[in-house]
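First comes the structure, then the notes that go with it.
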Amino acid sequence: MEQRSFRQWIMEMRESRTLVVIVVTVALFVDCILNTVIAPILPTIHGKENTSVTSNSSAVSDYSFLFNLSLYNNSSEGIYQEQNVSRTQGSGIDGECHDQGKDNLHGENLKIGLLLSFKGMVQIVANPIVGKITDKFGYDAPLLVGFAVVFTSTLMWALVEEYVFLYVARGFQGIGSSLTTVPGLALLANIYPDDSERAKVMAIANSGLAVGALVGAPFGSLMNGFLGKSSAFFVIAAVTLLDGALRLCILKPKFSPGSIPATPYRTLLADPYILVTVVGYFLTKLSSGILQATVPIRMLEHMCAPSYQLGLAFVPALLTSILTLNGFAILSLKWGRWLCLMLGLIFQGIGVICFPLAKNIFGLIGPSIVLGIGFSLVGASVVPMMAFLIDLRHTSVYGGIYAIMDSALCLGFAIGPLFGGAIANAIGFTWVMVILCVLLITYAPLFSLLRNVPGKDEKKPILNHEEMPEETKPDDH
């Protein structure tokens, strides 16, 4: 009887959609916090390898202020560029300005930057493969394999310090992230076919990403400073094990071939409505990456900011995003997702152009909040919008579309930090913000194309709702 009751309990768990939302949200949180916790710890590892130049204690002291700089960055070279500036002029704790040493991003800094960017490179390659596997064999097996890969990667970060093994761990992390994000979002889209329900649960899942981005770097810095670098990864590994246990409760460890053929990537990328959405999402992540690489430099050069303030510029944006995601998900159903996406890029453009006007850390709060509203408007709308476009214009198999979306995210976070600092050095921070603002606001009206999206059997968009029968009128998305 006990065995039968346990089996019944397992079956009930597997039928619980709420538990699936919790599992995916925790999985995305773990993926994001593992990504952001690394940045403040990695320089300490490198400092230990170079004790002939710098003692361990001074390495920890020099790098400890990095805890808030990389909130959601896959290739945070700008961070380590700033560390080089700080070491040239002093520790930065007294708020002195730093205006030299910015061209010294060589050797150790380049080594660290390449290691951080390696995850995004691997993930861009892995996403299309994982999308195909998800579409062909279902969501369960990829998510279970993803748990094993992420857990292995986390333990490697805790136990090894040689760079060759760190690259392996970072590569495993990219594969695990792909095996978590793509099938996780596709699973939510599949089990919540109702558009309004889907919008709400996608916002909850995205909140996991935002919380992970907010707490990752401070958590890593504090754990590294007081308990050692391995402690943060052991805690994350424990959370990963909890998430893995939940996955085993609700998922079936076997391949479940789908009965509906998936739409090829070439067809998806040729769809103009999907292309407009993906490019707009890429621009959002590109702007975030550029800001994370250039704002700390601006704060050091023009605000004489103490080192502990360098990451605080982005905290209001993340807090605003966390607090407004679910509200905007509901509003997007009333306003139309196309309008939320358009307003999201406009808000981002306004926030970006206001950053050069700030004279101190307090002057950055307003632009950061406006930026957070823009990020939240896009984040609350783009994920359910992708599923809606698939349902309307293609077959309802979601692995491919979320593989494309996640690749756009990785590409934006790779290109933004990689080139943002170099462009700012060439033409100045203000002009970079002006160009980014113009790009965002100019692109925003293209989202109006999503107002009346034709179905796959329609030859042209429906422009006049009044001429349609009541039961066939499409909703504005």
Side-chain angles (χ1 to χ4, degrees), residues 17-18 20-36 71-74 123 127 139 143 146 177-178 180-192 195-216 243 277-278 280-285 287-289 314-333 335 337 340-341 343-345 347-348 371-390 398 401-410 412-413 477:
R17 296 194 303 174
T18 301
V20 174
V21 176
I22 294 173
V23 167
V24 174
T25 303
V26 174
L28 294 177
F29 166 77
V30 169
D31 176 58
C32 192
I33 195 174
L34 181 59
N35 187 40
T36 56
L71 296 178
Y72 194 50
N73 192 349
N74 283 325
Q123 197 168 341
N127 278 335
Y139 316 104
L143 281 169
S177 181
S178 182
T180 296
T181 304
V182 174
L185 293 177
L187 176 60
L188 291 181
N190 184 64
I191 65 174
Y192 284 93
D195 198 43
S196 60
E197 286 186 318
R198 180 188 288 166
K200 296 172 184 176
V201 299
M202 290 296 189
I204 293 172
N206 278 327
S207 297
L209 284 174
V211 173
L214 180 64
V215 304
D243 181 58
T277 309
V278 169
Y281 187 60
F282 163 76
L283 290 178
T284 292
K285 300 309 174 183
S287 64
S288 179
F314 304 109
V315 171
L318 284 169
L319 285 175
T320 302
S321 182
I322 293 170
L323 295 173
T324 58
L325 260 173
N326 290 283
F328 284 142
I330 297 172
L331 286 177
S332 69
L333 298 171
W335 295 353
R337 294 195 183 106
C340 286
L341 289 168
L343 291 175
L345 257 62
F347 269 93
Q348 289 175 44
L371 197 69
I373 293 173
F375 289 158
S376 184
L377 281 165
V378 173
S381 303
V382 70
V383 181
M385 186 68 186
M386 293 292 190
F388 170 76
L389 291 174
I390 288 293
Y398 307 100
I401 191 63
Y402 287 121
I404 292 172
M405 191 192 80
D406 197 48
S407 295
L409 180 149
C410 294
F413 276 120
H477 290 270

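- Asn127 places a side-chain N or O within donor-acceptor distance of the main-chain N or O of Gln123, the cut-off being under 3.5 Å.
- Within the 4.5 Å cutoff, side-chain heavy atoms of Met405 are placed close to those of Leu185.
- Atom CD1 of residue Ile373 and atom OG1 of residue Thr320 lie 6.0 Å apart, to the nearest 0.5 angstrom.
- Leu331 CG to Asn326 CG: the interatomic distance, rounded to the nearest 0.5 Å, is 11.0 Å.
- Once rounded to the nearest 0.5 Å, the distance linking CZ of Phe328 with CG of Asn206 reads 14.0 Å.
- To the nearest 0.5 Å, atom CD1 of residue Ile401 and atom CE of residue Met385 are 10.5 Å apart.
- In this structure, Val26 and Ile22 have side chains that are in contact, with non-hydrogen atoms separated by less than 4.5 Å.
- Nearest heavy atom pair, residue Tyr139 against residue Ala186, reads CE2-CB, 3.5 Å.
- Across every non-hydrogen atom of Val182 and Ala403, the tightest pair is CG2-CA, 3.8 Å.
- Under the 3.5 Å distance criterion, the side-chain polar atoms of Ser376 are matched with a main-chain donor or acceptor of Leu325.
- Under a 3.5 Å cut-off, the side chain of Tyr398 and the backbone N or O of Met386 do not form any donor-acceptor pair.
- One finds the OG1 atom of Thr324 at 10.5 Å from the CG atom of Leu319 (value rounded to the nearest 0.5 Å).
- Heavy-atom minimum distance, Ser332 versus Ala380: OG-O, 4.5 Å.
- Considering only residues two or more places apart in sequence or on other chains, Asp406 meets the salt bridge (charged side-chain N to carboxylate O under 4.0 Å, His left out) condition with none of them.
- Distance NZ/Lys200 to CD1/Ile330: 5.5 Å, rounded to 0.5 Å.
- Side-chain atoms of Arg337 and Thr277, non-hydrogen and from C-beta on, never get closer than 4.5 Å to each other.
- Two residues are said to be in side-chain contact when any heavy atoms from C-beta on lie closer than 4.5 Å; Tyr192 and Pro384 fail this criterion.
- Using a 4.5 Å cut-off on side-chain heavy atoms (C-beta onward), Asp243 and Phe29 make no contact.
- Contact annotation: the side chain of Val378 approaches that of Tyr281 to within less than 4.5 Å [non-hydrogen atoms, C-beta and beyond].
- For Leu343, the side-chain contact (heavy atoms from CB on, under 4.5 Å) criterion is met by Trp335, Leu339, Phe347, Leu377, not counting sequence neighbours.
- The nearest pair of heavy atoms linking Ala205 to Thr25 is CA-OG1, 3.5 Å.
- Here the closest non-hydrogen pair linking Leu143 and Gly184 is CD2-N, 3.8 Å.
- Ser287 and Thr284 make their closest contact through OG-O, 2.7 Å (heavy atoms, listed as atom of the first residue, atom of the second, distance).
- Leu318 is not listed as a side-chain neighbour of Phe375, based on a closest heavy-atom distance of 4.5 Å or more.
- Using a distance-only test at 3.5 Å, with no hydrogens or angles considered, no donor-acceptor pair links the side chain of Ser321 to the main chain of Ala317.
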